[in-house]
Chemist: 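Take this structure first; my questions come after.
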Amino acid sequence: MNEIFEILEDNARTTPEQIATMVDMPASKVQSIIKKAEEDKTILKYKTIVNWAKLGKEEVLALIEVKVMPQRDVGFDAIAERICQFPEVYSAYLVSGTYDLAILAKGNNMHEIANFVTEKLAPLEKVQSTNTRFLLKRYKEDGEVVEPTGANKRLPLSL
Amino acid sequence: MDNFISQKVNSISPSGIRKFFDLLSSLEGVISLGVGEPDFVTPWHIREAATSSLEKGYTMYTSNYGMLELRQELAKYLEHHYGVSYQPEREILVTVGVSEGLDLAVRAILNPGDEVIIPNPWYVSYPPCVILAGGTPVFVPTSKQNNFVLKVEDIEPLINKQTKAILISYPSNPTGAVMSREELAEIAKLAQKYNLLVISDEIYARLVYGVEHTCFASLPGVKEQTILLGGFSKAFAMTGWRIGYIAANEQLIEAMLKIHQYTMLCAPTMSQMAGIEALRSGEDDVAKMVKEYDRRRRFIVKRLNEIGLPCFEPKGAFYAFPSIEATGMSSEEFAERLLMEERVAVVPGSAFGQCGEGFVRCCYATSLANIEEALNRTERFVKGASSSL
């Protein structure tokens with residue numbers, strides 16, 4: 001069954017009929033597995049990876065290292081969930097090491113990110129410190145190399 | 001100029017698809033199902049091992065046999081996957097791909113006039129290699145009715161005093177057919193009965209789907225008369241590295257080594273280093289690629305059958321071999337028109353022998369999106385062709 005999700009994770013536009021052929025299962029069964037996965041949030045959502053640089057869109061990403069104070073009973077979850085509410089937060093992870101939360105924030109310009117950190121994130125009661133690193137260039141996104149070098153050099157015909 | 005060229009070479013016809021290749025290269029927007037190699041690039045860790053070997057200065061000749069370390073890994077690999085054991089010191093020879101391995105094998109065993117039995121359709125280099133080695137190829141027909149599997153009753157009548165060897169290759173290029181252990185055991189019995197060598201080209205051994213590959217040498221009693229050819233190209237996506245191996249009895253290896261040491265010296269050192277890495281840490285990559293091929297295989301076979309090009313289920317390699325008889329065209333005409341009218345390249349079955357006529361070889365080592373689009377175009381072509389019949 002995992003194979004269905006592997007196929008979708010690689011290409012969300014693969015149709016249930018195509019998947020059915022690939023995994024040798026009736027299409028109706030594939031459809032119902034996908035439907036159930038959508039309902040129970042096994043599939044969180046379908047999205048497209050866009051190379052915005054190609055469209056000339058200015059976009060700023062920052063990796064923010066956040067030290068927080070864990071709370072009794074809820075640990076880091078309560079504060080993490082709180083931080084996740086901000087639309088500027090693109091991804092958020094609890095990490096091991098010298099800080100606790102790794103947050104990827106997205107904004108239209110540096111000012112927006114700076115504003116988010118100084119006005120919203122840093123002042124939160126349980127946040128002890130933040131360290132913001134602006135991302136300079138994207139090389140790989142969700143397993144895809146952004147500007148692949150080296151085209152397919154296969155001969156068009158070989159025996 | 002012709003009188004400068006040897007009669008033997010003159011007697012060999014150039015690859016039947018050269019013209020087709022030139023035509024294909026001149027066109028744009030072609031989706032090619034005409035390739036014979038993986039679409040995957042060699043896994044990064046294998047490439048990295050090779051570049052690092054260059055940095056460390058591994059740039060000299062190796063033993064004529066190939067690096068002992070690689071042969072030891074090969075011995076382990078063959079034992080692990082197929083349960084056959086070979087002495088790394090004297091029974092394994094590292095070659096420049098299976099292509100060289102095949103050439104060494106036939107040159108080492110054939111006397112003028114010796115015959116080699118080859119299933120038809122065949123991989124394109126078999127007959128020329130046998131002829132260049134002074135032998136005579138003898139063809140045994142296989143057919144779609146038998147899923148292109150070799151039958152003892154078809155081989156036996158062809159055996160005579162001149163017969164030296166049977167050259168088999170399963171999983172097969174071009175048909176994708178595999179032979180079961182039981183079916184191969186029959187061939188093994190035949191080889192024993194007539195004391196024939198069996199050259200078993202197992203380059204596609206790792207690319208099997210839902211079935212197990214049987215290494216011919218693992219069958220009871222025939223290891224000593226088997227020349228096992230294998231390589232890295234297909235399983236590890238390493239076609240350009242030109243590296244393969246031969247495993248056989250010590251005297252046979254010794255004979256092949258003689259030719260190898262005078263003509264090739266050794267396989268490229270960098271490629272041997274890459275081979276060691278592939279054998280040590282490449283299994284996950286093989287599994288991933290096989291899984292991906294299998295998905296594409298199911299898809300292409302289903303679509304071919306849907307669009308009126310009946311296709312038996314190929315259980316190995318990365319080829320589908322559908323019948324195009326219903327279109328009324330020869331395989332060459334079909335391939336040429338499909339290319340010109342719909343910009344899809346397939347290889348006419350006739351390139352692989354008379355028994356390939358009526359079929360085309362479609363390689364599914366390309367993205368699913370490409371396969372889908374190619375099959376949509378082919379469907380349009382087949383419909384158009386049948387309505388104009």
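These numbers come from a predicted model, not from an experiment. The chains referred to below are lettered A, B, ... by the order of the sequence lines, with proteins before strands, and numbering in each begins at 1.
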Chemist: Side chain from CB out, backbone as N, CA, C, O: work out which of these in B/R297 comes under 4.5 Å of a heavy atom of chain A, or both, or neither.
Modeler: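 Neither part, no heavy atoms under 4.5 Å.
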
Chemist: Side chain, backbone, both or neither: which part of B/E292 has a heavy atom under 4.5 Å from chain A?
Modeler: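 Contact with chain A is absent: no heavy atom of B/E292 under 4.5 Å.
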
Chemist: Whether the side chain of A/S158 engages the backbone of B/G36 through a donor-acceptor N/O pair (distance < 3.5 Å, no angle test) should be reported.
Modeler: yes

Chemist: Picking from A/T14, A/N11, A/I7, A/D10, which has the most non-hydrogen pairs under 4.5 angstrom with chain B?
Modeler: A/I7

Chemist: More than 12 heavy atoms of other residues, nucleotides or ligands under 6.0 Å from CD of A/Q128: is that the case?
Modeler: yes

Chemist: Rounded to the nearest 0.5 Å, how far does CD of A/Q18 lie from CZ of B/R303?
Modeler: 9.5 Å

Chemist: A side-chain contact here means heavy atoms from C-beta on lying under 4.5 Å apart; do B/V35 and A/L157 qualify?
Modeler: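 Answer no - side chains too far apart.
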
Chemist: Using heavy-atom distances under 4.5 Å, tell me whether B/P174 contacts chain A through its side chain, its backbone, both, or neither.
Modeler: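 No part of it gets close to chain A.
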
Chemist: Indicate yes or no: at least one non-hydrogen side-chain atom of B/R296 is less than 4.5 angstrom from one of A/M22.
Modeler: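 No, every pair of side-chain atoms sits at 4.5 Å or beyond.
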
Chemist: State the CZ-OG1 distance between B/R298 and A/T21, to the nearest 0.5 angstrom.
Modeler: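 Here the rounded value is 9.5 Å.
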
Chemist: More than 12 foreign heavy atoms under 6.0 Å from OH of A/Y93: is that the case here?
Modeler: no

Chemist: For B/L33, which atoms come within 4.5 Å of any heavy atom of chain A: side chain, backbone, both, or neither?
Modeler: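 When you check distances to chain A, no heavy atom of B/L33 falls under 4.5 Å.
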
Chemist: Can you find a heavy atom in the side chain of B/T366 that is under 4.5 Å from one in the side chain of A/R154?
Modeler: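 The answer is yes, as the side chains (C-beta and beyond) meet within the 4.5 Å cut-off.
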
Chemist: Answer yes or no: does atom CZ of A/R138 have more than 12 heavy-atom neighbours from other residues, nucleotides or ligands under 6.0 Å?
Modeler: yes

Chemist: Would you call B/K288 and A/E6 a salt bridge, using N to O less than 4.0 angstrom?
Modeler: no

Chemist: Rounded to the nearest 0.5 Å, how far does CZ of B/F352 lie from CG of A/L159?
Modeler: 5.0 Å

Chemist: For A/K57, is the NZ atom crowded, meaning more than 12 foreign heavy atoms sit under 6.0 Å from it?
Modeler: yes

Chemist: If I take atom CG from residue B/L368 and atom CD1 from residue A/I19, how far apart are they, to the nearest 0.5 angstrom?
Modeler: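 It comes to 10.0 Å.
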
Chemist: Does the side chain of A/P156 reach to within under 4.5 Å of the side chain of B/F21, using non-hydrogen atoms?
Modeler: yes

Chemist: A quick test of your reading: do over 12 heavy atoms of other residues, nucleotides or ligands sit less than 6.0 Å from CD of A/E9?
Modeler: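 Open.
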
